Structure formats: C-alpha cells, structure tokens
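Reading through the structure tokens given below for one structure.
All figures in this text were calculated on a predicted structure; none of them were measured in a lab. Here is the naming used below: chain letters follow the sequence lines, and residue numbers restart at 1 for every chain.
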Amino acid sequence: MATVAQSIPPVKGTRDFFPEDFAILRWLTETWRNTSRRHGFVEFDGPTLEHLELYTRKSGDEIVEQLFHLTDRGGRDLALRPEMTPTLARMVAARLGSLPRPLKWFCIPRMFRGERPQRGRLREFVQWNIDILGTDSPTADAECILVAVDALRALGLTRDDFAVHVSDRRLVAAILAALGVTSEAIPAAFDLLDKAERLPGDELARRWGESLGTRVDFARVWDALAMPDPAALRGELSKSADAAAVDPVLARFTAVLGAIQDFGITEFCKFDLRVVRGLAYYTGVVFEAYDRPREFRAILGGGRYDDLLAMFGGKPLPAVGFGMGDAVLLELLASRQLTRAVGLEPPEVFVIEAPAETGVAGQGGTVRRILATLRRAGIAAEAGYEVQAVAKQMKRAAERGVGHVIFVGDETHSRGVVAVKNMKSGEQRDVAVDALLADPAGVIGGAGGV
RNA sequence: GUGAGCGUAGCUCAGUUGGCAGAGCACCGGGUUGUGGUCCCGGGAGUCGCGGGUUCAAAUCCCGUCGCUCACCCCA
C-alpha cells in the first residue's frame with residue numbers, strides 16, 4: 001500500500017520538511033536574514049549547479065570524491081555546489097572594477113556534499129555565509145564575529161550556551177616555528193591541530209610523528225597554545241630569533257580584540273590559539289563557535305582569506321567571513337528548547353456555515369463572498385468545505401486558534417446578518433453582511449482587535 | 001571506503017524458557033438535529049525491514065541481505 005514511502009525514501013542525508021519542520025527552518029533563516037540586514041549586508045545567490053572545475057581548481061581532484069558530480073548531455077562535468085566561496089569569488093571578480101568597496105554580502109544557500117551523513121553533517125544542508133570583501137581592517141574581522149554573536153543571541157542562545165574561539169594562524173605559526181617546526185611542515189601541523197580533539201591520542205601522536213618527526217613534541221605544542229592571552233606570546237617567543245617579526249601580527253590581533261571589546265561582545269569570545277581551521281586558504285584571524293559543554297560540532301567557522309580571491313579573479317582582494325550551517329545549530333537549539341516556528345500562524349477568521357433548517361436556502365454563496373472579501377482586505381480567513389454540525393466546526397476553529405469566528409446561517413437568510421465572535425473574549429454580536437463586506441477590517445478589528 | 005549499534009501501527013515503544021501481534025500519542029467517527037480546546041465511547045490501521053534455514057509452531061533461534069543511526073576517512 002504505502003509502498004512509495006517505503007521503497008523510495010528521501011535520499012540518505014536529505015530531509016523532508018513537513019510544514020512544522022519548515023516553519024522552524026524559516027525561523028532560522030529569517031533570523032539570519034534579518035541579522036544580516038541589521039549589520040549592513042546585502043543578499044546574493046548563485047546557481048546550485050556549477051562546473052566541477054570551479055572546485056577542483058582550488059582544492060584538487062580529491063574533492064571530487066566528496067561532492068555530487070554529474071555529466072550533462074554535452075559531456076560537461078558539473079557539480080552540485082558544496083560551498084559558496086568559489087561562486088562568490090567568480091561573481092566578485094566579474095565586476096571587480098565597478099563594485100563599490102568594501103562589499104558586505106551574505107547568502108543562505110542550500111549546499112550538497114557527497115559524504116556519509118552523521119550527527120550534524122548532512123548531504124544537503126543550509127548554510128548562512130557572511131563575507132566582507134575589499135578591506136583588511138581589523139574592524140571587519142571583529143564585525144564578522146559581531147554578526148555571528150548577534151544572530152546566535154537573536155536565536156535565544158546566551159553566553160552560557162556558546163563561545164566564539166578566536167585565533168590567528170600567523171600567531172600559531174610563530175609559536176610552531178619557535179618550537180622548531182619548519183615552515184614546510186606548518187600546513188601539516190595546522191591540519192593535525194584542527195583534528196586534535198577528534199582523533200584518539202595515540203593516533204594523533206602517530207600522525208604527528210609521521211608528518212613532523214619526533215623532534216617536536218605534540219603535547220609541548222598543545223600546551224603552548226593554551227596560553228590565556230596574547231600577552232603570554234612574548235614569553236613563549238622569547239627564545240625565538242625573529243620574535244620581533246611577530247609584533248605587527250600581534251598588534252593587528254590586539255586591534256581585533258579591541259574592536260570586539262568596543263562591540264561589547266567580549267563575554268561571548270574566548271582567546272584560543274588551538275583553533276586553526278582545517279582549510280588551507282585562511283591567512284590570518286580564524287574563529288569557530290562551540291556550545292560551551294562542547295557536546296556538538298562547531299556551530300560556525302570562519303576567518304580571513306586575503307589570497308583566495310586572487311586565485312579566481314586574478315586581482316588580490318582581502319576578505320573575511322564565516323559560514324554557519326543549519327544542522328548543528330538546530331540540534332543545539334533543540335537541546336535548549338529554543339526552536340520556534342514562523343509561518344504556521346492560524347487564520348484570523350474562521351467562517352462557519354451552520355446547517356440550514358429544512359426549507360431554508362443554504363448560505364454557501366455568502367460564505368464564499370465573505371471569504372474572498374476578507375482575504376482581499378488582507379485578513380487571513382478559512383472555512384470548511386462541507387457544512388458540518390456547528391459544534392464540530394467550532395472545535396476545529398478553537399483547535400486552530402483563530403481569533404474570530406463568523407457564523408453564517410438562517411439569520412443570514414432571514415435578516416441579512418452574521419454573528420461575529422471574538423474567540424478570546426467570547427463576546428459575540430450580529431453584524432449586517434453588507435457592513436462586513438463593505439469594511440471587513442473595521443468589523444473584525446472592532447470585534448476585539450486583530 | 002572502514003567499524004559498531006539498531007530495524008514491531010503515522011510517531012514513541014512493550015512483547016525471554018519459541019505458542020493467535022499490543023499500549024500510549026496522533027488520525028477518523030460518535031456523545032440526541034445552531035457555539036469551544038478538557039472529558040467519555042468507538043474505529044481504521046502492521047507480510048514484526050526483506051530473503052532463506054531450524055521447528056508441529058518463529059517478532060522471538062541461526063545465516064544472508066537491505067535500510068537507518070553513530071563513529072572513522074574528509075570537513076569547504
């Protein structure tokens with residue numbers, strides 16, 4: 001019987017959004033959208049389908065295994081977009097000369113990844129992207145963090161729920177260098193630091209030794225990165241020959257922290273050099289937000305990527321931004337019972353047609369005229385398709401939570417009136433059909449407010 | 001691609017020395033023919049994931065298979 005549902009379920013890692021589910025997703029995306037606008041960002045979008053090469057050029061061929069790729073009839077290799085940055089880079093590069101800078105753009109695309117789903121990771125998901133392009137100001141770095149914090153607060157999360165861990169790759173690199181990691185080995189070190197908390201200790205030590213040799217002890221590095229504030233860097237770097245080279249980086253990072261302070265979100269942030277991000281293209285400040293108990297994966301991640309745009313557009317363009325996916329965030333919000341729904345609001349008015357006495361004409365036509373007039377006037381109105389017992393229809397109206405019920409029945413036939421009932425107060429009065437049709441907003445408003 | 005756990009009604013699940021498949025929620029109907037969410041009564045619904053084996057008898061035991069979940073790989 002229900003064989004389709006059984007034999008053709010949703011594709012693994014994708015989700016059916018029933019109205020009550022979609023209402024939660026809408027709440028989330030509209031909060032993202034409103035937050036973006038408050039902070040001066042404009043929305044853009046690009047195609048869901050892109051040339052495969054757009055992704056392989058930056059990341060190499062191995063990424064093909066991790067995305068959905070297909071071939072069109074002309075033999076072109078295409079991919080469902082697994083990330084937004086290449087599309088953004090192309091669009092910006094196309095109009096680089098004419099766009100006023102800086103650019104503050106956001107988007108809320110659906111994205112796809114061809115991997116096995118697991119907790120907080122799906123094959124189709126929604127990700128909010130915030131990017132500021134064309135400025136290397138430390139204020140822009142801090143502003144991205146401000147936007148992220150503001151959105152999470154708008155969703156109901158507090159300083160007890162999450163923290164943004166702020167770091168800078170160049171500072172981490174300086175510490176690694178001071179501890180003896182060669183510059184060639186730094187990318188591999190970043191990669192392992194990014195995985196450090198997910199890998200078992202022995203596996204981590206094995207890979208560390210494999211990539212970096214045994215001369216530099218991982219535990220030593222890990223401890224050094226736990227320093228509580230940037231000032232401690234000087235002590236850590238005192239032995240290093242080129243400690244002075246770090247000063248400009250440190251000064252800029254301090255400026256970012258100062259801007260965070262000015263924005264009033266210091267209590268939501270945490271200095272944490274153990275955050276480096278897995279991607280190779282970050283060039284400076286990087287940050288990730290986590291729930292405080294660290295029960296879930298990272299809620300968001302981002303940072304400065306000053307060299308990436310040049311790879312696509314030819315001309316360099318400094319940039320900073322972050323991405324925040326819906327999967328982990330919705331799990332966190334659900335665990336705090338903070339999820340809300342928008343778009344499921346009940347209609348303001350429910351029109352009930354009472355069964356007519358024998359010999360009296362039905363009032364279906366009047367019901368339909370009232371419905372259409374109310375809706376034209378901007379008042380959401382509903383009615384059943386069949387005439388049922390009034391008690392039954394009242395039950396439906398009450399369950400849906402409508403504000404007003406309009407009764408259409410024999411009095412409508414005999415006296416030209418309907419009864420308008422305010423469901424909250426219980427107050428009910430007769431209103432001429434003509435008056436209702438002439439001024440629906442006045443009647444409904446007058447019956448007890450919208 | 002690797003490893004572990006789990007598959008019984010739409011949902012959450014119960015169902016052990018193998019013996020006729022159940023509960024709650026949800027849904028639908030009714031509670032004396034024109035006004036409320038509670039409450040009462042009733043109803044539909046499942047090839048117990050699928051296939052094979054053992055047995056007089058399998059949701060239950062054995063083998064296989066598919067699916068889901070979680071972890072790993074990867075993390076944009």
Side-chain angles (χ1 to χ4, degrees), chain A residues 1-3 5-14 16 18 20 50 54-56 58-60 62-67 79-89 109 111-123 125 127 129 131 190-191 194-195 198-200 203-204 207 276-282 288 297-298 300-303 305 308 321-325 327-328 331 346 350 352-358 360 363 387-402 404-413 418-428:
Chain A
M1 292 182 271
T3 49
Q6 287 165 357
S7 61
I8 314 180
V11 172
K12 183 204 301 275
T14 68
D16 284 334
F18 288 88
E20 59 272 26
E50 290 277 12
L54 184 66
Y55 306 109
T56 56
K58 184 191 79 180
S59 308
E62 69 275 11
I63 201 172
V64 174
E65 302 304 316
Q66 295 150 33
L67 48 69
L80 292 174
R81 64 183 174 200
E83 60 169 323
M84 207 59 203
T85 305
T87 302
L88 169 66
M111 306 209 293
F112 302 84
R113 293 178 187 174
E115 57 197 353
R116 272 209 187 168
Q118 51 190 291
R119 187 171 200 204
R121 299 193 75 192
L122 300 166
R123 300 212 294 189
F125 57 97
Q127 188 182 69
N129 290 265
D131 290 281
F190 280 164
D191 184 52
D194 183 54
K195 294 183 168 74
R198 295 192 295 268
L199 286 175
E203 171 73 7
L204 182 64
R207 291 210 215 170
V276 297
R277 304 287 293 151
L279 285 175
Y281 61 64
Y282 288 110
E288 292 178 340
R297 292 168 176 274
L300 66 92
Y305 51 100
L308 186 63
F322 69 83
M324 184 187 295
V328 171
E331 284 187 11
F350 194 88
I352 289 179
E353 180 186 358
E357 304 267 344
T358 50
V360 175
Q363 295 296 319
V387 178
Q388 294 176 297
V390 170
K392 191 179 192 71
Q393 297 190 69
M394 272 300 284
K395 205 170 184 175
R396 289 279 175 271
E399 277 170 359
R400 291 200 60 180
V402 303
H404 297 82
V405 163
I406 295 177
F407 295 97
V408 176
D410 292 341
E411 285 79 8
T412 310
H413 176 74
V418 294
V420 178
K421 178 171 187 135
N422 181 317
M423 292 294 276
K424 192 176 263 181
S425 68
E427 172 201 350
Q428 182 171 328

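- Rounded to a whole angstrom, the distance from the P atom of B:A9 to that of B:G24 is 16 Å.
- One C1' atom belongs to B:A21, the other to B:A58, and the distance between them is 13 Å to the nearest Å.
- Distance CZ (A:Arg123) to C1' (B:G67): 13 Å, rounded to an integer number of Å.
- The phosphate of B:G67 (OP1 or OP2) has no side-chain N or O of A:Lys12 nearer than 4.0 angstrom.
- No hydrogens or angles were tested; on distance alone, nothing pairs the side chain of A:Gln393 with the base of B:G34 as donor and acceptor under 3.5 Å.
- Comparing B:C74, B:U69, B:G36 by their nearest atom to the side chain of A:Lys421 picks out B:G36.
- Taking atom P on both B:A45 and B:C40, the two are 24 Å apart, rounded to the nearest angstrom.
- Under 4.0 angstrom from either OP1 or OP2 of B:C74 there lies no side-chain N or O belonging to A:Gln66.
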- Task: Verify side-chain contact (heavy atoms from CB on, under 4.5 Å) between A:Arg277 and A:Glu288, making sure each step is shown before the conclusion.
- Result: CA-CA 8 Å; A:Arg277 304 287 293 151; A:Glu288 292 178 340; 2.8 Å; yes
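- Pairing for B:A9 is absent, judged as Watson-Crick or G-U wobble with the two contacts each under 3.5 Å.
- Along RNA chain B, the nucleotide nearest to A:Val11 and the one nearest to A:Gly301 differ in position, and the one closer to the 5' end is contacted by A:Val11.
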- Task: Start with the C-alpha distance between A:Met394 and A:Phe407, add both sets of side-chain angles, then the distance that settles side-chain contact (heavy atoms from CB on, under 4.5 Å), and finish with yes or no.
- Result: CA-CA 10 Å; A:Met394 272 300 284; A:Phe407 295 97; 3.6 Å; yes
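- Judged by atom type and distance alone, A:Arg116 does not reach the base of B:U69 through any side-chain donor-acceptor pair under 3.5 Å.
- A:Arg207 is listed as a side-chain neighbour of A:Lys195, based on a closest heavy-atom distance under 4.5 Å.
- Nucleic acid contact class of A:Glu353 (heavy atoms, under 4.0 Å, all strands): none.
- The distance from atom CZ of A:Arg113 to atom P of B:C73 is 16 Å, rounded to the nearest whole Å.
- Base pairing of B:C20 is not made with any nucleotide, judged by Watson-Crick or G-U wobble geometry with both donor-acceptor distances under 3.5 Å.
- For A:Glu83 and B:C75, the CD to P distance is 12 Å, given to the nearest whole Å.
- In this structure, B:A45 makes no Watson-Crick or G-U wobble pair, since no nucleotide meets both defining distances under 3.5 angstrom.
- Mapped onto RNA chain B by nearest heavy atom, A:Asp194 and A:Gly13 fall at different nucleotides, with A:Gly13 at the one closer to the 5' end.
- Note on A:Arg207: only backbone sugar-phosphate atoms sit closer than 4.0 angstrom, heavy atoms only; bases stay farther off.
- With A:Glu427 contributing its side chain and A:Asn422 its backbone, the two residues share no donor-acceptor pair below 3.5 Å.
- Using modelled atom types, no side-chain atom of A:Gln388 and backbone atom of A:Gln393 make a donor-acceptor pair closer than 3.5 Å.
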- Please assess A:Tyr305 against A:Asp131 for the test side-chain contact (heavy atoms from CB on, under 4.5 Å), listing each intermediate value before the final yes or no. CA-CA 10 Å; A:Tyr305 51 100; A:Asp131 290 281; 2.3 Å; yes
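- Of all nucleotides present, none satisfies the Watson-Crick or G-U wobble test against B:U55 with each distance under 3.5 Å.
- Contact annotation for A:Arg277: backbone-only contact, meaning every heavy-atom pair under 4.0 Å involves sugar-phosphate atoms and none involves a base.
- Rounded to a whole Å, the CZ atom of A:Phe125 is 14 Å from the P atom of B:C75.
- One atom, CD1 of A:Ile352, and another, P of B:G36, lie 10 Å apart when rounded to the nearest Å.
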- Task: Kindly determine whether A:Gln363 and A:Glu353 satisfy side-chain contact (heavy atoms from CB on, under 4.5 Å), including the steps that lead there.
- Result: CA-CA 7 Å; A:Gln363 295 296 319; A:Glu353 180 186 358; 4.2 Å; yes
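- Regarding A:Leu67, its CG atom lies at a distance of 12 Å from the C1' atom of B:C74, rounded to whole Å.
- Within the 4.0 angstrom heavy-atom criterion, base atoms lie near A:Met423.
- A straight line from CG of A:Leu204 to P of B:C73 spans 11 Å, rounded to a whole angstrom.
- Comparing the same atom, P, in B:U69 and in B:U38 gives a spacing of 34 Å after rounding to whole Å.
- Here A:Lys424 lies out of heavy-atom contact (under 4.0 Å) with every strand.
- Checking B:G37, B:C75, B:U69 against every side-chain atom of A:Pro117, the shortest atom distance belongs to B:U69.
- Each of B:C28, B:G34, B:C75 was ranked by its minimum atom distance to the side chain of A:Arg396; first place goes to B:C28.
- Nearest to the side-chain atoms of A:Met394 among the listed nucleotides B:U35, B:U69, B:G29 stands B:U35.
- B:C27 sits 24 Å from B:G22 when the P atoms are compared, rounded to a whole Å.
- Which of B:G29, B:G34, B:A71 sits closest to the side chain of A:Asp410 comes down to B:G34.
- A donor-acceptor pair under 3.5 Å is formed between the side chain of A:Arg297 and the backbone N or O of A:Arg119.
- Separating the P atom of B:C11 from that of B:G46 is a span of 13 Å, rounded to the nearest Å.
- Put simply, A:Lys392 has a side-chain N or O that comes within less than 4.0 Å of OP1 or OP2 on B:G30.
- When heavy atoms are screened at a 4.0 angstrom cut-off, A:Gln127 is found touching no nucleic acid atom at all.
- With B:G37, B:C74, B:U35 as the choices, the nucleotide that has an atom nearest any side-chain atom of A:Glu399 turns out to be B:G37.
- Nearest nucleotide to the side chain of A:Lys395, out of B:G29, B:U35, B:G31: B:G31.
- Separating the P atom of B:G42 from that of B:U55 is a span of 44 Å, rounded to the nearest Å.
- As the counterpart of B:C70, B:G3 is assigned, both hydrogen-bonding distances of the Watson-Crick or G-U wobble pattern falling under 3.5 Å.
- The side chain of A:Glu115 lies closest to B:C74, out of B:U35, B:C74, B:G29.
- With both pairing distances under 3.5 Å, B:U38 is matched to nothing as a Watson-Crick or G-U wobble pair.
- For the pair A:Arg119 CZ and B:C72 P, the interatomic distance rounds to 12 Å; values are reported in whole Å.
- With contacts defined as side-chain heavy-atom distances shorter than 4.5 Å, the pair A:Arg81/A:Tyr55 qualifies.
- With both ends at atom P, the span from B:U17 to B:G53 equals 26 Å, rounded to whole Å.
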